[in-house]
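Below is a structure I'd like to ask you about.
On a predicted model such as this, the values are computed, not experimentally measured, just so you know.
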Amino acid sequence: MAEPDPRTLEALGLAEAPREHPLSYPGARPEESVLLDGDRLLPLTRRVYEDRVPVLAVGSNACPAQLRHKMAQSGVSGTIPMVRTRVLGLGVGVSAHVSVMGYVSASPFHAPGAVGELFLTWLDAEQLAVVDASEGVPVAEGAYDRAWLSASDVRIELDSGELLPGAHVYVNRRGVLHNGSGTPRPHLGERPLLASLLAGSARLRELFGETPEEFCARARGEAALCALGTRLFASEGLTITSGLERYA
């Protein structure tokens, strides 16, 4: 009997997609640069792919299981290079919208001087169209625009030491949530985020329940309710601009 492949997402403990388990958002990600090949993670032989489009993964697009889910659902190739990247000039905040996937997602904001690690995904044309659609780019009511950030605005250094001239990133059209003092709130994980948001808004509790579990269960697949939650963020003064709108 053949031994199980140790390179599968299941074997590596990376098989849970936030689209199926909202409280796991943004999902588990690899510890190093990898080639996602369907349900396996393989070594990368290079870091730059001139025939593909570089896209910074701020939230769950850095989770291999999430990418696998999106590509499989659309019948598109699931072979995607994922490169660990050091980024100067971006912060990871909280989107000012409630996703029909059942979570409140992450979104970047302009943060001069900030340094963080993100994954860079190299997408072919079909894969880019799938991810664009999943982020709502093609429709007016969608949550995100795709923006190009050049090296003059954001420094993007691959784990090989190579510098990119720029990359795409998804910017929330409604801005990001602030922390109470006008500064973007960091996304530190779905469960603590939802617990804090619910604790701070009686109206949000009326709509989505008392616990993170209730929030995800009520929001999932309910577009009208999610739209109400999104409008509530704005009406309660919780949203600010990300500072990246001009790039979109």
In this structure, CG of L225 is separated from CZ of F215 (nearest 0.5 Å) by 8.0 Å
Is any side-chain heavy atom of V83 closer than 4.5 Å to one of L44?
yes
In this structure, CG of L238 is separated from CG of L232 (nearest 0.5 Å) by 7.0 Å
Could you report the tightest heavy-atom contact between G229 and F208, atom names first, then the distance?
CA-CE1, 3.8 Å
Please find out if less than 6.0 Å separates the ring center of H97 from that of Y144.
yes
Shared hydrophobic cluster for L207 and L198 (ILVMFWY, side-chain gaps under 4.5 Å)
yes
Here the gap from L164 atom CG to L120 atom CG, rounded to the nearest 0.5 Å, amounts to 6.0 Å
Between P30 and A62, what is the shortest heavy-atom contact and its length?
CD-O, 3.8 Å
Would a 4.5 Å heavy-atom cut-off, applied to side chains only, mark L193 and L188 as touching?
no
Side-chain donor-acceptor pair under 3.5 Å between D159 and S33, yes or no?
yes
Could you check if a side-chain atom of Y103 sits within less than 4.5 angstrom of a side-chain atom of P26, using non-hydrogen atoms only?
no
State yes or no: do V34 and Y49 share one hydrophobic cluster built from I, L, V, M, F, W and Y residues joined by side-chain heavy-atom distances below 4.5 Å, directly or via other members?
no
Quick one: do R185 and S196 satisfy side chain to side chain contact (heavy atoms under 4.5 Å, CB included)? Show the steps, please.
CA-CA 11 Å; R185 177 180 195 149; S196 176; 2.4 Å; yes
Enclosure of R205 CZ (heavy-atom neighbours >12, cutoff 6.0 Å):
yes
dist H168:NE2 -> L123:CG (nearest 0.5 Å) comes out at 9.5 Å
Look at the side-chain heavy atoms of Ile, Leu, Val, Met, Phe, Trp and Tyr, link any pair under 4.5 Å apart, and say whether W122 and L67 land in one connected group.
no
Looking at H21 and L23, would you say the former's side chain and the latter's main chain have a donor-acceptor pair under 3.5 Å?
no
Do S99 and R220 have side-chain atoms, one donor and one acceptor, less than 3.5 Å apart?
no
Using a strict threshold of under 4.0 Å (side-chain N to carboxylate O), is an ion pair present between R52 and E126?
no
List the steps and the verdict of side chain to side chain contact (heavy atoms under 4.5 Å, CB included) for E190 and V104.
CA-CA 7 Å; E190 198 63 20; V104 176; 3.9 Å; yes
Residues in ring pair (Phe, Tyr, Trp, His ring centres under 6.0 Å) with Y170, at least two apart?
none
Please test R174 against S107 for side-chain hydrogen bond (donor to acceptor under 3.5 Å, both in side chains), starting from the C-alpha separation and ending with a verdict.
CA-CA 10 Å; R174 297 169 181 84; S107 188; over 6 Å; no
If you take all heavy atoms of P43 and L35, which pair is closest and at what distance?
O-CB, 4.1 Å
Could you tell me which non-hydrogen atom of P108 sits nearest to which non-hydrogen atom of V176, and how far apart they are?
O-CG1, 4.1 Å
In the structure I gave you, are the side-chain heavy atoms of P184 and L177 within less than 4.5 Å of one another anywhere?
no
The reported gap from OG in S77 to CG in D37 (rounded to nearest 0.5 angstrom) is 7.5 Å
Value for CD1 (I80) from CG (D124), rounded to nearest 0.5 Å, stands at 8.0 Å
When you measure from the side chain of T230 to the backbone N and O of V98, does any donor-acceptor pair fall under 3.5 Å?
yes
Do L36 and L128 share a hydrophobic cluster, counting only Ile, Leu, Val, Met, Phe, Trp and Tyr and linking them when any side-chain heavy atoms are less than 4.5 Å apart?
yes
Check against side chain to side chain contact (heavy atoms under 4.5 Å, CB included), R173 and E245
CA-CA 8 Å; R173 289 169 173 162; E245 289 79 7; over 6 Å; no
Are any non-hydrogen side-chain atoms of E10 and L12 less than 4.5 angstrom apart?
no
E236-S201 side chain donor-acceptor pair, cut-off 3.5 Å:
yes
Looking at R155 and E157, is any side-chain nitrogen of the basic one under 4.0 Å from a carboxylate oxygen of the acidic one?
yes
Which atom names give the shortest non-hydrogen contact between L194 and C216, and what distance separates them?
CD1-SG, 3.7 Å
Tell me every residue that passes side chain to side chain contact (heavy atoms under 4.5 Å, CB included) with S134, counting only those two or more places apart in sequence or in another chain.
R19, K70, V131
Cluster question for you: counting only ILVMFWY and a side-chain heavy-atom cut-off of under 4.5 Å, with indirect links fine, are L88 and V92 together?
no
Checking the side chain of S95 only, and the main-chain atoms of A106 only, is there a donor and an acceptor separated by less than 3.5 Å?
yes
Please step through side chain to side chain contact (heavy atoms under 4.5 Å, CB included) for the pair R146 and D132, ending with a clear verdict.
CA-CA 8 Å; R146 176 159 49 86; D132 274 359; 2.8 Å; yes
List in chain and number order the residues that pass side-chain hydrogen bond (donor to acceptor under 3.5 Å, both in side chains) with R7, two or more places apart in sequence or in another chain; answer none if no residue qualifies.
D5
Are any of the side-chain heavy atoms of L90 and L149 separated by less than 4.5 Å?
yes
Nearest atoms (heavy-atom pairs only) where L244 meets H110:
CG-N, 3.8 Å
Is any side-chain heavy atom of R68 less than 4.5 Å from a side-chain heavy atom of L9?
yes
Check E31 with R84, please: is the shortest side-chain N to carboxylate O separation under 4.0 Å?
no
Would you say T8's side chain and A11's backbone share a donor-acceptor pair under 3.5 angstrom?
yes
Distance flag, aromatic centroids of H187 and Y25, threshold under 6.0 Å:
yes
When you check the gap from the basic side-chain N to the acidic O, do E214 and R218 get nearer than 4.0 Å?
yes
Indicate yes or no: at least one non-hydrogen side-chain atom of P81 is less than 4.5 angstrom from one of T121.
no
